[in-house]
Amino acid sequence: MSYFQTPAIAYEGPKSKNPFSFKYYNPKEIVMGKTMAEQCRFAMSYWHTLTYMGNDPFGAATMYRPWDQTADVMEKAFHRVHAAFELMEKLQIPFFCFHDADIAPRAATLKETNERLDLVVDVMEEEMERTGIRCLWGTTNAFGDDRFVHGAGTSCNADVFAYAAAQIKKAMELTRQLGGANYVFWGGREGYETLLNTDTAFELDNLARLLWMAVDYAREIDFRGQLLIEPKPKEPTKHQYDFDAAAVLAFLRKYDLLEHFKLNIEANHATLAQHTFQHELNLCRINGVLGSVDANQGDPMLGWDTDQFPTNLYDTTLAMYEILLDGGFTKGGLNFDAKVRRGSFEEEDLFLAYIAGMDTFARGLKVAAALLTDGVLEDFKKERYQSYNIGIGRQIVEGRVGLRELEAYALEHGSGKNRSGRQEMLEMLLNQYIIETA
Ligand code: XUL
Ligand code: CO
């Protein structure tokens with residue numbers, strides 16, 4: 001059975017006028033020593049692609065998917081698996097990401113829910129075997145159900161903490177069974193609505209306790225993937241503890257978890273925290289925790305998580321720039337945590353959206369590689385800090401002077417001469433590379 005009329009998508013090059021083709025994503029093309037497919041490691045998000053129906057707070061579903069046309073919830077789950085793999089095959093997407101709740105409907109009890117998950121995961125394994133498509137990461141949804149009203153690991157209710165732990169255990173087992181390269185923790189309800197009723201110190205200690213349990217269990221079941229935390233500043237809670245990369249790093253350091261976790265950086269979460277996507281990736285890179293990426297974009301006019309498919313070349317270029325500077329992905333990848341707009345309700349729109357996202361990142365990769373190869377920004381930066389290679393600068397870096405020596409130096413030399421930061425020139429060069437890179 002086929003769920004999509006759209007045929008398989010191929011690379012046709014930048015001159016093609018066929019919207020159902022890749023203009024820039026040429027999976028076999030070598031960029032900086034690896035194929036584009038290896039550099040990008042694109043992944044489909046199961047939730048936005050298979051289960052999102054276009055509902056918003058003001059209106060009902062607009063997307064009536066062919067795989068949803070059955071009342072039997074398990075039958076629907078199996079249809080979704082087959083539809084997912086057909087879509088990924090046709091779009092040449094080599095990975096997928098999933099929450100437990102995306103793949104199998106919750107049942108009345110945890111036991112039954114877990115049995116349902118096992119049934120669906122078996123079918124996913126068969127499809128993975130058939131297609132060679134792999135799992136980038138799995139996670140649990142410990143935020144959607146009403147039991148998580150006050151949080152999961154940070155809930156004031158110890159029974160809910162236990163329930164969340166049980167969900168994590170199962171989701172880690174499933175991710176391991178599917179050979180997932182990563183396991184993600186996004187603390188959907190780990191935050192607060194008001195400090196009037198919240199013991200933040202206790203909640204954060206508990207969150208750390210839960211993550212330590214996960215580290216121990218990963219070791220116990222020999223899960224070799226990366227454990228990732230995905231920062232987000234707000235929504236659904238007013239304040240999420242994992243606000244941004246800096247907050248997560250501070251948390252990991254405080255609880256001695258730094259060697260066990262890396263970060264999954266999402267573009268729209270970065271901008272909600274008033275940072276650029278590049279800023280968050282940069283902070284991860286310089287701290288050695290750049291794990292994986294949720295590739296999407298927000299709307300600069302809107303203050304919520306719109307999860308749009310990424311089409312902004314500046315953002316994808318500068319994101320790939322940081323990723324390449326970090327040496328490229330090892331276990332991470334680019335997961336399209338993105339959904340089509342409510343008005344883009346036809347099946348074809350899913351294809352067009354993924355093509356747009358993949359092409360925008362492929363182009364960003366090429367431009368970033370050209371910028372790096374030509375040393376455009378790195379040479380400029382090197383030159384900018386060259387006063388630290390000689391004389392007093394060198395002595396500062398080597399730790400050979402203190403305040404007393406520097407005072408003596410300043411009394412004698414003053415503060416020297418500053419040079420322009422050349423921001424506009426660099427922005428112009430970036431434009432030129434985006435337009436001209438072959
Ligand atoms: C929510 C979000 C999640 C995580 C996984 O904003 O990004 O989908 O990526 O739970
Ligand atoms: Co995400």
Side-chain angles (χ1 to χ4, degrees), residues 41-53 55-57 84 95-103 106 135-145 148 151-154 164 167-168 170-172 174-175 180-191 207 210-211 214 225-245 247-248 261-273 275 277 280-281 284 290-299 302-310 315 319 332-340 357 361:
R41 291 170 63 86
F42 287 127
M44 179 204 75
S45 63
Y46 211 98
W47 54 104
H48 287 312
T49 312
L50 280 309
T51 67
Y52 175 62
M53 296 181 67
N55 316 59
D56 73 11
F95 293 96
F96 63 90
C97 300
F98 72 102
H99 302 79
D100 46 7
D102 310 331
I103 60 169
R106 299 285 202 232
C135 173
L136 188 68
W137 52 259
T139 187
T140 186
N141 180 328
F143 44 88
D145 292 338
F148 298 118
T154 62
Q167 280 190 198
I168 291 169
K170 182 68 181 171
M172 285 180 91
L174 297 176
T175 304
N182 308 271
Y183 182 88
V184 165
F185 294 84
W186 173 58
R189 302 273 171 193
E190 315 294 24
L207 187 56
L210 185 62
L211 294 177
Q226 300 183 124
L227 301 180
L228 304 175
I229 295 187
E230 182 175 326
K232 183 173 182 177
K234 55 192 167 191
E235 200 195 330
T237 67
K238 168 197 168 76
H239 173 85
Q240 310 251 146
Y241 291 127
D242 296 333
F243 191 91
D244 59 3
V248 173
F261 285 87
K262 289 191 172 180
L263 273 62
N264 183 40
I265 294 301
E266 176 162 331
N268 203 165
H269 297 178
T271 51
L272 284 176
H275 300 308
F277 186 19
E280 288 291 83
L281 294 167
C284 288
L290 205 176
S292 195
V293 168
D294 271 9
N296 62 10
Q297 69 185 30
D299 183 315
L302 302 176
W304 64 90
D305 200 9
T306 58
D307 284 338
Q308 289 162 238
F309 274 86
D315 291 344
L334 297 169
N335 165 46
F336 289 104
D337 192 349
K339 58 181 182 240
V340 285
F361 262 97

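Order of appearance sets the numbers: ligands from 1, and atoms from 1 within every ligand. All values reported here derive from a predicted model rather than from experimental measurement.
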Determine, step by step, whether Ile265 and Phe277 satisfy the side-chain contact (heavy atoms from CB on, under 4.5 Å) criterion, reporting the C-alpha distance in whole Å, the side-chain angles of both residues, the deciding distance to 0.1 Å, and the verdict. CA-CA 8 Å; Ile265 294 301; Phe277 186 19; 4.0 Å; yes
Check ligand 1 against [X] and write out every atom of the ligand that is under 4.0 Å from a heavy-atom position of the residue.
X	result
Trp47	8 (O)
Asp294	9 (O)
Asp305	6 (O)

Is ligand 1 less than 4.0 angstrom away from at least one heavy atom of [X]?
X	answer
His48	no
Val184	no
Trp137	yes

Testing the 3.5 Å rule here: is there a donor-acceptor pair between the side chains of His269 and Asp294? no
Distance-only polar pair, side chains of Asp242 and Trp186, donor-acceptor under 3.5 Å: no
Measuring to the Co ion (ligand 2), does Glu266 have an N/O/S atom at a distance below 2.8 Å? yes
For atom 9 (O) of ligand 1, what's the nearest protein heavy atom and its distance? Glu230 OE1, 2.7 Å
Atom 5 (C) of ligand 1 sits nearest the protein heavy atom His99 NE2, 3.2 Å
Within the distance-only criterion (no hydrogens, no angle test), does the side chain of [X] pair as donor or acceptor with the backbone N or O of [Y] below 3.5 angstrom?
X	Y	result
Asn268	Asp307	yes
Gln297	Gln308	no
Arg189	Ala152	no
Glu230	Val184	no
Ser45	Cys97	no

With heavy atoms only and a cut-off of under 4.0 Å, state how Asp307 meets ligand 1: side chain, backbone, both or neither. neither
Is the contact between Glu235 and ligand 1 made by the side chain, the backbone, both, or neither, using heavy atoms and a 4.0 Å cut-off? neither
Before signing off on this row, confirm whether His269 and ligand 1 have an N or O atom pair separated by under 3.5 Å. yes
With respect to Asp337, determine whether any N or O atom, backbone or side chain, lies less than 3.5 Å from an N or O atom of ligand 1. yes
Please report, to 10°, the angle around the Co ion (ligand 2) from atom OD2 (Asp337) across to atom OE2 (Glu230). 170°
What atom name does the N, O or S atom of Asp294 nearest to the Co ion (ligand 2) carry? OD2
Mutual orientation of the aromatic rings belonging to Phe336 and Phe42 [parallel < 30°, tilted 30-60°, perpendicular > 60°]: parallel
Under-4.0 Å salt bridge between Lys170 and Asp100: no
